[in-house]
Each structure stands twice: as C-alpha cells, then as structure tokens.
Protein chains: 2
Amino acid sequence: MGKLTRQAVLEGALRLADEEGVEAVTIRRLAGELQVTPMALYWHFKNKTELLTAAVDHLMAGVIADVRPDRDWRERLRVIVEALVGTMRAHPSLPALLQVADKEQAESFTRATEATLDILAEAGFTLDEGYTIASYLLNGAVTLVHGRLDCRAGMTPEKVAQERRMHALRLQALPPDCFPRLVEYGRTLEEPSDAEEYFSFGVDLLIAGVEAMAAKKAREGTA
Amino acid sequence: MGKLTRQAVLEGALRLADEEGVEAVTIRRLAGELQVTPMALYWHFKNKTELLTAAVDHLMAGVIADVRPDRDWRERLRVIVEALVGTMRAHPSLPALLQVADKEQAESFTRATEATLDILAEAGFTLDEGYTIASYLLNGAVTLVHGRLDCRAGMTPEKVAQERRMHALRLQALPPDCFPRLVEYGRTLEEPSDAEEYFSFGVDLLIAGVEAMAAKKAREGTA
DNA sequence: ACCTGAACACCGTTCAAGT
DNA sequence: ACCTGAACACCGTTCAAGT
C-alpha cells in the first residue's frame, strides 16, 4: 500500500470531519480509516491539536484569495465575509473546527485577520475595536452557517427534512399562551426556506452593525 | 455525611465549571468531588447531557427577570442583551455551556428566545428573521464575553496579565511587513484595557446591526 | 429509593522497540 | 525515517447487585 503522508492524514481528517462531524475525528478512528495504528499519526503531527490547526489552516487558505485594495472598505469587508461564509458552506466542518482548534496558530487565519484589521482601520476603527469586530464577524458567520441544517456535517436532504419536521413539532407542542411566537414559528418551519435569502439577510445583518458603528464614530469625530 | 441531592450535583457541576472550565466537568471528576461513585450521579440525572442542560437552565433563569412591555423595542432589546452579557460575566462557564449543552431543552432559554422574538416582531421582523437575529445576539454575546480573558473560567488577575503579555509578544513577533496591523495591535495589548468600555462597544455593535436592519425594512415597507 | 462494583467500549498520549 | 505493541490515565454508560 502507498505509505502514509502528512497530507493523506490531513485529507482523511477533513473527509471524516465533513462527513461525520469533527467529533468523529479521533486519532484512533482516523488511524483505522487510514489502515495504520493510532501511533503512526504521531509521526506526522505532534498531537491532535496540531492536526486540527492544520485542518483550519488548509480550509481558511481560500478566504483571502481576492483582495482588491482599490475598492471602498464596505465592499472589501463584504467580500471577505462572503468568502468566509462561502468557505464554510463548502466545508461543513469548518465552523466546528474553528471552535475547537487553536485557530490563532493557523497562518491563513492570521492573514485573514490582518486583512480584516486593515479594512476596519480604513473604516476609522481603532485596532482594539477592529479586533473585536473581526471576531464578531467570524463568529457571526459561524453562527449563520451553523443555523442551517443543510450546512451541517453529513446531512442528506432527507435527514434535513426530517430534522425540520421534528423541530417544527417540538415548537408547536409548546403551550401557546406562554410561547405564542415560538409556536407560530414552528408552523412556518414546515415549509422549506431559501438558503440564499437566509445568508443574504445574515451577511447584511453582520455588515450593518459594522457600518452603523463606523457612521457613529464618524459623527462623533466631526462633532 | 448529608446525602446526595439533584441540587447538590448541579451546584457541584456549576462550581467546577466556573472554577476550572466546562471540560473539567466529567461525571467521574464530579463524583469524586462529591465523594460518591460516578454511577451515583445517574440516579439524579439521566446522563451528562441532561446535567449540562440543567446547568444552562439554572444560569439562564436570571436573564428574563425584568421585562418592561411598555418600553420601546430598542430599549427592551438592549435590556435583554445586557442581562445576557451580565449573566455571562457573572458565570464564566455559561458561554462554554451554551456551546456544548442542548440549550433548546432548557426552559429558561426557551423563555428568553420567546421574549426576544416578541421584541423583534414589534420591530417589524418576520419570525424567520427574528429567529436568526436571536441566535446572532446570543452568539454575539458569547463571543464578546469569550474575548475577555478576565471573564474566563478560573482566571486570577495574575494569570490574565501573564496571558496578555504572552499574546502581545506572539503578535509582535510576526513579520511586520506581512502583518503590520497585528504587530501594532500587539503593542497596544501591553497596557490593560477597560472592560466596561469593551462591553459597551460590543453591545452597541450587536444592537446597531439589528436597528439598521429594522430601519432598512421600514424604508422598504413604506417605499 | 438511592447507591456501589464490575465491566464495556471508547479516548489521547508516551515510550521502548522494531524495520 | 517511519511505524508498531503495550501500557497509562483518562472518558461516559449499562447492568446487576446491594442496603
């Protein structure tokens, strides 16, 4: 058989994560898939943390592909947030990986942060504020993708539909006098919702917060 | 010795979580602290998931204490977000608990969601949008609190200062031509930052997004 | 009703040994 | 250089048995 490489381990981990969720990525399980003993992986990665960091690094590499410094900061910010959301939609494991892995050690993540800080500095924010906003945007994107069942690891259309029905039923079973909004929401949950519409609203929401704060700072600055 | 109660288990779990982080809350570890065998806990809780859900339920109970239906929706929304942030600051384990526990099963969490949906419906959002915004606000609050080292489990002022210095050094060690913003941010990180200012900015940011989207909807509605 | 003991099927990781 | 075997110190959980 072809011998084990660092890349083969990484690919195996990503496949496992995308198909069955990050919690399925255990050293022992992964070793089983790759037909080696668990300890073989330790030759290629110092420990599990380093493996997950490498996975994040690999997936985040695509996020800062297209930077256009000539554009307005609003446009540049939107491009980077949409790249982030797009990458997460393509790789269902990324949101969870960003939560468990030591992302600050991933170079591609650091590059994306630098790019975001640069955009936000141009918008008039301090570096402190920029750093807060950068993690607000990152976690906002994570939250958005996480909120879509069809963007979760190993989800077939049938499973999505079934989970939706279950969720709808649970909400409709609540006492309507205490939870009128949730019961009503449970009813709307029976018909499928459009992903593009959802993400469009979500990204607008994230960006709107930043733009409003920038406008506020500009007002205070000139006052 | 006094015998084990459901409440004693819950209190032990919360203490452990606040002092050493949720990852320290294992059935075996907790049983050790309570001077019983691991299996004793299974009499009071069906499984670990149920324990963590109960913990979330207990901590979230304070969040919807003061609802003032006579006020403007903006004010009501701010009150609930600030209650959320305040509760998390008081209980360092809550952000992590909300990520790992099955929060939808916690009644107090459901009540807070209902209250938020109600406020957002008044603001002109659909239930779908309201649900998206509610999780945006929740995770935004989690992100904010998580970003403060001094709000993490088991952090003494000394540890905070030391972690800050380490972070500052790591950033300043980056190549300045590639990462000018991060290097600069590393320098600002050497002097302590004000928590109140940070949270004030953060909550404003979260609310600003919602208000901007509400204004946009109002414009489109009358147009 | 409330708790224990023993067992099962998992983890990540170290360390000495093999080729 | 690259991998294995055995061992250690952990997990959550089940199930039969004790009081």
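Naming convention: chains lettered A, B, ... in sequence-line order (proteins, then strands); numbering from 1 in each chain. From a predicted model like this one, the values you see are computed outputs, not experimental measurements.
- Between the NZ atom of A:Lys46 and the C1' atom of C:dT14 there is a distance of 14 Å, rounded to whole Å.
- As rounded to whole Å, 13 Å separates atom P of D:dT4 from atom NZ of A:Lys3.
- Aromatic ring pairs are classed by plane angle as parallel below 30°, tilted from 30° to 60° and perpendicular above 60°; the pair B:Tyr185 and A:Tyr131 is parallel.
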Stepwise salt bridge (charged side-chain N to carboxylate O under 4.0 Å, His left out) check, A:Arg89 with A:Glu196: CA-CA 11 Å; A:Arg89 291 178 71 181; A:Glu196 302 315 317; 3.0 Å; yes

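- One C1' atom belongs to D:dC3, the other to C:dC15, and the distance between them is 14 Å to the nearest Å.
- Look at OH on B:Tyr42: it is 17 Å from P on C:dG5, rounded to the nearest Å.
- Within a 6.0 Å sphere centred on NE2 of B:His167, other residues, nucleotides and ligands contribute more than 12 heavy atoms.
- In this entry the distance linking CG of A:Leu34 with C1' of D:dC3 reads 13 Å, nearest Å.
- Straight-line distance from the NZ atom of B:Lys48 to the C1' atom of C:dC11: 12 Å, rounded to whole Å.
- Toward the 5' end of DNA chain C, the nearer of the two residues B:Thr37 and A:Thr26, judged by each one's closest nucleotide, is B:Thr37.
- Distance from the side chain of B:Pro38 is smallest to D:dT13 among C:dT13, D:dC2, D:dT13.
- Each of A:Val36 and A:Arg28 lies near DNA chain D, and the nucleotide nearest A:Val36 is the one positioned closer to the 5' end.
- Following rounding to the nearest Å, A:Ile27 (CD1) and C:dC11 (C1') show an atom-to-atom distance of 10 Å.
- D:dT4 and C:dA16 make up a base pair, with Watson-Crick or G-U wobble contacts both under 3.5 Å.
- For A:Met39, counting side-chain heavy atoms from C-beta on, the closest listed nucleotide (D:dT13, D:dG5, C:dA1) is D:dG5.
- Per the geometry, CH2 belonging to A:Trp43 stands 9 Å off P belonging to D:dC3, to the nearest Å.
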Verdict with reasoning, A:Asp150 to A:Lys159, per salt bridge (charged side-chain N to carboxylate O under 4.0 Å, His left out): CA-CA 9 Å; A:Asp150 47 355; A:Lys159 278 187 182 173; over 6 Å; no

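- Here C:dC11 sits opposite no nucleotide as a Watson-Crick or G-U wobble pair (both hydrogen-bonding atom distances under 3.5 Å).
- When the side-chain nitrogen and oxygen atoms of A:His44 are compared with OP1 and OP2 of D:dA1, none of them lie within a distance under 4.0 Å.
- Atom CG of B:Leu52 and atom C1' of D:dG12 are 12 Å apart (whole Å).
- Side-chain contact between A:His44 and A:Leu4: present, with at least one pair of heavy atoms (C-beta onward) separated by less than 4.5 Å.
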